[in-house]
4 protein chains.
Amino acid sequence: MSRMVRPRFARLDPEQQQAILRAALDEFATRGYRDASLNRVIDAAGVSKGSMYYYFEGKADLYAHVARVELGRLFDELGPFPVPDTGPDAYWSALRDHYRDLVTALTASPQLLALVRGWLAASEDPALQQVQQELERPVLPWIEGALATGQRIGAVRTDLPSGLLVAVVVGMGRAMDVWLLTRPPDESSPPDLINALVDMMRRALAP
Amino acid sequence: MSRMVRPRFARLDPEQQQAILRAALDEFATRGYRDASLNRVIDAAGVSKGSMYYYFEGKADLYAHVARVELGRLFDELGPFPVPDTGPDAYWSALRDHYRDLVTALTASPQLLALVRGWLAASEDPALQQVQQELERPVLPWIEGALATGQRIGAVRTDLPSGLLVAVVVGMGRAMDVWLLTRPPDESSPPDLINALVDMMRRALAP
Amino acid sequence: MSRMVRPRFARLDPEQQQAILRAALDEFATRGYRDASLNRVIDAAGVSKGSMYYYFEGKADLYAHVARVELGRLFDELGPFPVPDTGPDAYWSALRDHYRDLVTALTASPQLLALVRGWLAASEDPALQQVQQELERPVLPWIEGALATGQRIGAVRTDLPSGLLVAVVVGMGRAMDVWLLTRPPDESSPPDLINALVDMMRRALAP
Amino acid sequence: MSRMVRPRFARLDPEQQQAILRAALDEFATRGYRDASLNRVIDAAGVSKGSMYYYFEGKADLYAHVARVELGRLFDELGPFPVPDTGPDAYWSALRDHYRDLVTALTASPQLLALVRGWLAASEDPALQQVQQELERPVLPWIEGALATGQRIGAVRTDLPSGLLVAVVVGMGRAMDVWLLTRPPDESSPPDLINALVDMMRRALAP
DNA sequence: TATGAATGAGCTTTCATTCAT
DNA sequence: TATGAATGAAAGCTCATTCAT
């Protein structure tokens, strides 16, 4: 139910693990969870149907694993958010840099971007609720931590529930995502966009 | 493909039109576009399958029509955004009131809320992309208009592409949606939340 | 749910109806309800899968229809149980004749026999309970009617609940079924067996 | 194929034997032979799949073993049918007592009851035929013995093949089973039912 | 205009069994 | 003795769409 990774899959030949994960990531990113077809994943990965169900408990379990692995890799690359002690300016500057890294990483992997977007979309499917909540674990705390740090050094307002601030940050981040995907590339340079967005975040969230 | 309304359906007995729209709205709101079943809509509406395909070109077309009608009704109820000439304070105050009306209307109709949420979730399905863009027509212009008005009277910054501003507004609005749905009701009064959110919007968007 | 016959199927070309019923009867009789495979029925009948599910709501529905038709045909052949007014001897004699006819009809159609046996076996499957109860309608009343007649003319005891008497009759009838199927045929002539069994019934049920 | 007990299993740690038997009995009683899943038994028993197939030849073999053990235990508890020499009345009285004990034992163990019922239901599955016949070995002889005793002391008729008498006894016994399970409990006291049933048996089987 | 019969591809999941180690 | 990885066949069922009438 909530095992981190099925030992059966972990014990599998890494090459085959990769094949399965690649195929699943591709499928989930391309079609979204609902439209993703286990059959296609199975075909693409070159695994037998029985084996797939031997490794994973089902569609949701496979999705959870893929998302967990990919998001984990993303946040490993980003590393922890550094805590500048020198004041709000340094804080927002560091946040901007960190955010830029995140955007860069996502831009480099459209599949990962699609996965994240699918994950951000609240799911009505009860079967996925549990998975979603589990996936929130690594991501939301990161944002919460960054906000808490900001509040500690006086860079972030404290008069609103932190959950609302988190939601606003996510929403504004998503805004840029939408904006970037709607526009044709190269029209406006991403760095400027990021600056603008973080600037707006600062205005909204500053005390 | 992209006709506004199929004349065939428009010519239909209004009572039957209502039956179909009600059934479709219920299905799409309850299950989402992907999981919605035309068969169920057909059964609930009491229409023949052939007729349904005579009125609409398919699932996407029906969805487009339902969304168009319902969103149109919503914005008709809200009416146009009044243009206060007396300055930024009046502008943001009016916007807050308008926003409150929107939230109230959505809260009053869970089906409509579900439809809007489904519509906000960016879809990867190529068949829906077209529909989504079409649906943006009534909504985004409203926001764009409101922003343009704000810019004219000096209440909204002009140093950023208006599309980005629109995206930010939508994202922050969605943030509150998420926030409201995540929290159990009655914990914090919606009016306060709306005030806080519009306040943050103002901070982000003010010149 | 409980429609007598799906109009869709009734409207079908009688030849195709026959093909489907034959295939289904064969499958259900040969394998029993649980092991019966809709796929096999579909293949044998030469129908598309979609059509089968268009005609019947599912496996249980098809089984209900087949059983209903076949049992109905059987009881139509047998006709009503005549009510002899001349006393217990005539009653039990008539019952014996009627019973002999029933056995003859069942012996002539092993498939029907298998179907009846499967139907007599109380099912644990909740999905079938409803079907079973529906199928009991024509059969049990027949037995109950015959017993009631016997009680009226003093040929059947009245000191026990009639439901128990029915159960005993069914159990003893099943006993002969088992006996007939276990032994190789021709060893003992069925008429004698029937006489013996009805005699035992009379002893058990007489006042 | 038909070895009484696989030595491999007999040599196993008794505690593990118990675990397997318990899990298998539970599964077979709950779901019936057809719907029983070896995988579930294996999980519940905590045995490896390979071991299970090392101990038993397959599903049917496991079922045969479980049924053999449980029925054996049941008849061991009941003990042999005492042979009263004092005449028919004592014989039928003893039989009634014995039958009451049997019903009591079955009522006390729903699992065992379910197993017996599943066993009584004639199976079409060729793979089970063999098992069923094998299981008849301990049960039918018991009944045959009781009947032979009755015939010897003049309590049971001798003008009919004993096999038919056995079938009738089983059928009538099953009748009560059906009757007891159909009715809500407590409506009529089981002791009375047993008296009535044995009375009917006596009428049918007496010379 | 209107109907509903027809369909095949597709879905997720379960299963008993084999076999190399 | 003991293990568990691997598997293919099979299951029941849903669906959007087409098309002859």
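All chains are named by letter (A, B, ...) in the order of the sequence lines, taking the proteins before the strands, and each is independently numbered beginning at 1.
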Could you give the [atom1]-to-[atom2] distance, from [X] to [N], as a whole number of Å?
X     : N      : atom1 : atom2 : value
D:N39 : E:dC15 : CG    : P     : 6 Å
D:F56 : E:dT18 : CZ    : C1'   : 19 Å
D:Y53 : E:dC15 : OH    : P     : 12 Å
C:R8  : E:dT3  : CZ    : P     : 14 Å
D:D35 : E:dA16 : CG    : P     : 10 Å
B:E57 : F:dA16 : CD    : P     : 16 Å
A:Y63 : E:dT12 : OH    : P     : 15 Å
C:D13 : E:dG4  : CG    : P     : 19 Å

Between [options], which one does the side chain of [X] approach most closely?
X     : options               : result
B:K49 : E:dG4, F:dG12, E:dT13 : E:dG4
C:S48 : E:dG8, E:dC11, E:dT17 : E:dG8
A:L38 : E:dT12, F:dC15, E:dT3 : E:dT12
C:R40 : F:dA11, E:dT7, F:dT7  : F:dA11

Assigned partner base of F:dA20, Watson-Crick or wobble definition, under 3.5 Å = E:dT3
Please determine, for F:dA10, whether a Watson-Crick or G-U wobble partner exists with both distances under 3.5 Å, and give it or none.
-> E:dT13
Checking all strands, does D:S37 fall into the base, sugar-phosphate, or nothing category for heavy-atom contacts under 4.0 angstrom?
-> sugar-phosphate
What does A:K59 touch in the nucleic acid at a heavy-atom separation under 4.0 angstrom: a base, only the sugar-phosphate, or nothing?
-> sugar-phosphate
Could you give the distance from OH (A:Y55) to CG (A:L12), rounded to the nearest 0.5 Å?
-> 4.0 Å
Could you tell me whether the phosphate oxygens of E:dA2, OP1 or OP2, come under 4.0 Å of any side-chain nitrogen or oxygen in B:Y55?
-> yes
Parallel, tilted or perpendicular: ring planes of A:F9 versus A:H65, cut at 30 and 60 degrees | perpendicular
